[in-house]
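Heads up: numbering here begins at 1 and tracks the sequence. Counting convention: from 1, in listed order, for ligands and their atoms alike.
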Amino acid sequence: MKLALVGVGAAGTRIVDRIVQAERTTGRVVTGGNVLVYDTAGDAFTEATAIPSDRRVLLGDAHPAVVRPDDAGQDKETDAAADPATRFGVGGDPDAGATVAQADLPEIRRALDSVDETAAAATMVVVGLGGGTGSGVGSVVLDELRSAHESPVYALGVLPAATEPDERALTAARGVRTIVPLADAVFPVDNEAWRRSDRVSDDYARINDRIATRMLALFGAGEGSTGAEMRVDPADVQRTLAVGGLAAVGRQTMTVDAAGGGWLARLWRLLGVGTEPSAVDAGKIKTLVRRALNSELTVPCSVASADRVLLLLSGPPSTISRKGFETGRYLLEEETGTVEVLAGDESRPGATAVTATVVLANVTDVPPVERLQARAIDRLEATTDEPDSGTRAASAGGESAGGESTAEFEFSAGAEDA
Ligand code: GDP
């Protein structure tokens, strides 16, 4: 299915850029350039080379809550070692982000007009939930899209890693509570689960790559595929996500070789004499699907808590037999105890691997989100004890937190603003 993408903040911008780049390298067309990004800091725009400049919108131009690299003055020196996302823009403050978004609503709406709803089956807002722009501006953008579009509006929200400051966890926890009721479905992406180093920022390129691969596999499924055993219907993706709530995507790949895998088969292929790989054993498909569930989910969650499941198998023609396909589907029915397992396969001539992509929709047992909520509550309790707990909002330009945002934050009436 075709998807329009709207990135908000640095993470949103980088991830949308990565998805557009991946479309170009893989030939899988999902957005077809129907993308838009917003930021208050703007430094991520310089990295977003795949997004045309008329699709990048800088907000808060003259707003006192927004700090730009050029006017950071003395702070620039003292903050040089700080987390880039809290140095510039709205300084990591989601309330300041929401205030800036309210002030710039006409600009936000004008830019949203460039997102072509008729060319997409759905729109997805992409944000880093720990960010002031991602969470604060992102909630307002999501709310705007929801009122303007009749088609579904999804959200992809990155959860901060455990090594990130508690303040980020609080912002993200509030962000989750704000966007879940606004979006038709939310894909949390757990930076912690995919982190490989002590500084998660060192892992961003790799994590963003993985997000792009999964989103293209999911939303690009069925676009232009022929000759499959049980052809993927792009509407099945929408149907799976229609149950709302949090969704997780798993993916696992297994390389296949031409029949027999020997030098003769490879020679025939080089000579253009078709020796397509033979059908993959049903037991191997089962292992592939199980691995997709166990190790590579966008957010760790209990598979059994899913409400609806979608299995997509893709690979060279003839590798996916009906038996293999049914075995994978049966495994999912067993693991989830779910009545509704939608499934389809996609023929990818010339591919050298079979891939299983699994979507678990409306999962309710999601430990990283629970941990985030617990961390946020601890942080709020600690903040209540701090004598100067109100200074952060004041230092971001004296605006009162929350403002007129229709996207009210769940914890916004808490100690932080007291
Ligand atoms: P914002 O611009 O104020 O929204 O803030 P950022 O987008 O820079 O950061 C918000 C959060 O998103 C951080 O706390 C990280 O958890 C996450 N993040 C930032 N950049 C990236 C990125 O490129 N990839 C991923 N996966 N996460 C990111």
Side-chain angles (χ1 to χ4, degrees), residues 6-19 21 37-48 51 56-60 63 65-69 82-101 125-142 155-176 178-179 187-197 199-215 298-299 368-369 371-372 375-376 379 392 396:
V6 179
V8 185
T13 298
R14 282 193 284 261
I15 293 167
V16 169
D17 183 65
R18 190 66 204 101
I19 294 175
Q21 281 181 33
V37 291
Y38 295 99
D39 199 9
T40 56
D43 11 359
F45 285 175
T46 51
E47 301 165 40
I51 302 171
R56 307 175 198 167
V57 183
L58 193 60
L59 297 173
H63 201 284
V66 173
V67 178
R68 297 243 181 270
D83 177 353
T86 54
R87 245 188 310 160
F88 303 125
V90 292
D93 180 352
D95 299 308
T99 307
V100 168
V125 177
V126 182
V127 299
L129 285 167
T133 308
S135 254
V137 178
S139 307
V140 175
V141 168
L142 185 59
L156 184 150
V158 176
L159 309 178
T163 48
E164 294 190 60
D166 288 343
E167 195 64 24
R168 290 295 178 115
L170 174 60
T171 301
R174 292 171 62 189
V176 169
T178 307
I179 67 167
F187 295 89
V189 171
D190 189 26
N191 268 351
E192 180 62 22
W194 281 350
R195 180 169 69 84
R196 293 288 171 271
S197 57
R199 276 164 41 104
V200 69
S201 51
D202 294 342
D203 295 307
Y204 285 163
R206 196 176 45 80
I207 297 175
N208 296 354
D209 234 31
R210 293 180 155 217
I211 296 172
T213 311
R214 277 156 186 75
M215 291 302 135
T298 40
V299 66
V369 172
R371 277 198 296 273
L372 202 63
R375 235 181 121 185
R379 168 70 194 163
R392 193 186 57 138

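- Proximity of D203 to R210: side-chain heavy atoms (C-beta onward) are nowhere separated by under 4.5 Å.
- Residue contacts with ligand 1, taken as heavy atom pairs separated by less than 4.0 Å, involve N191 solely via side-chain atoms from C-beta onward.
- Checking only distances, A11 does come within under 3.5 Å of ligand 1, N or O to N or O.
- Checking side-chain atoms of E47 against main-chain N and O of A44 turns up no donor-acceptor pair under 3.5 Å.
- The proximity of V158 to ligand 1, defined as any non-hydrogen pair under 4.0 Å, is limited to the side chain.
- Listed by number with element, the atoms of ligand 1 under 4.0 Å from a non-hydrogen atom of E164 are 13 (C), 14 (O), 15 (C), 16 (O).
- Counting atoms of ligand 1 from 1 in the listed order, those under 4.0 Å from a heavy atom of P160 are 16 (O).
- Side-chain polar atoms of T40 and T133 form a donor-acceptor pair below 3.5 angstrom.
- Taking every heavy atom of I207 and a limit of under 4.0 angstrom, the matching atoms of ligand 1 come to 26 (N).
- Where the criterion is an N or O separation shorter than 3.5 Å, residue side chain and backbone included, G134 meets it with respect to ligand 1.
- Listed by chain and residue number, T13, D17, I51 satisfy the side-chain contact (heavy atoms from CB on, under 4.5 Å) test with A48 (two or more places apart in sequence, or in another chain).
- Of the polar atoms of S135, none of the N or O atoms is found under 3.5 Å from an N or O of ligand 1, judged by distance alone.
- For G130, no nitrogen or oxygen atom sits less than 3.5 Å from a nitrogen or oxygen atom of ligand 1, counting backbone and side chain alike.
- Interface atoms of ligand 1 facing G9, defined by a heavy-atom separation under 4.0 Å, are 2 (O), 4 (O).
- At under 3.5 Å, a nitrogen or oxygen of A10, whether backbone or side chain, sits near a nitrogen or oxygen of ligand 1.
- Near R168, meaning under 4.0 Å from any of its heavy atoms, are these atoms of ligand 1: 9 (O), 10 (C), 11 (C), 13 (C), 14 (O).
- Residues satisfying the salt bridge (Lys or Arg N to Asp or Glu O under 4.0 Å) test with R195, not counting sequence neighbours, are E192.
- Considering only heavy atoms from C-beta on, V6 stays 4.5 Å or farther from V37 through its side chain.
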Step by step, would you call R214 with D209 a salt bridge (Lys or Arg N to Asp or Glu O under 4.0 Å)? CA-CA 9 Å; R214 277 156 186 75; D209 234 31; over 6 Å; no
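- For the ligand labelled ligand 1, residue G92 lies outside the 4.0 Å heavy-atom shell.
- Annotation for L129 and S135: closest pair O-OG, 2.7 Å, computed over non-hydrogen atoms.
- Residue N208 has at least one heavy-atom neighbour below 4.0 Å for each of these atoms of ligand 1: 22 (C), 23 (O), 24 (N), 25 (C), 26 (N).
- Between R18 and I211, every side-chain heavy-atom pair lies at or beyond the 4.5 Å cut-off.
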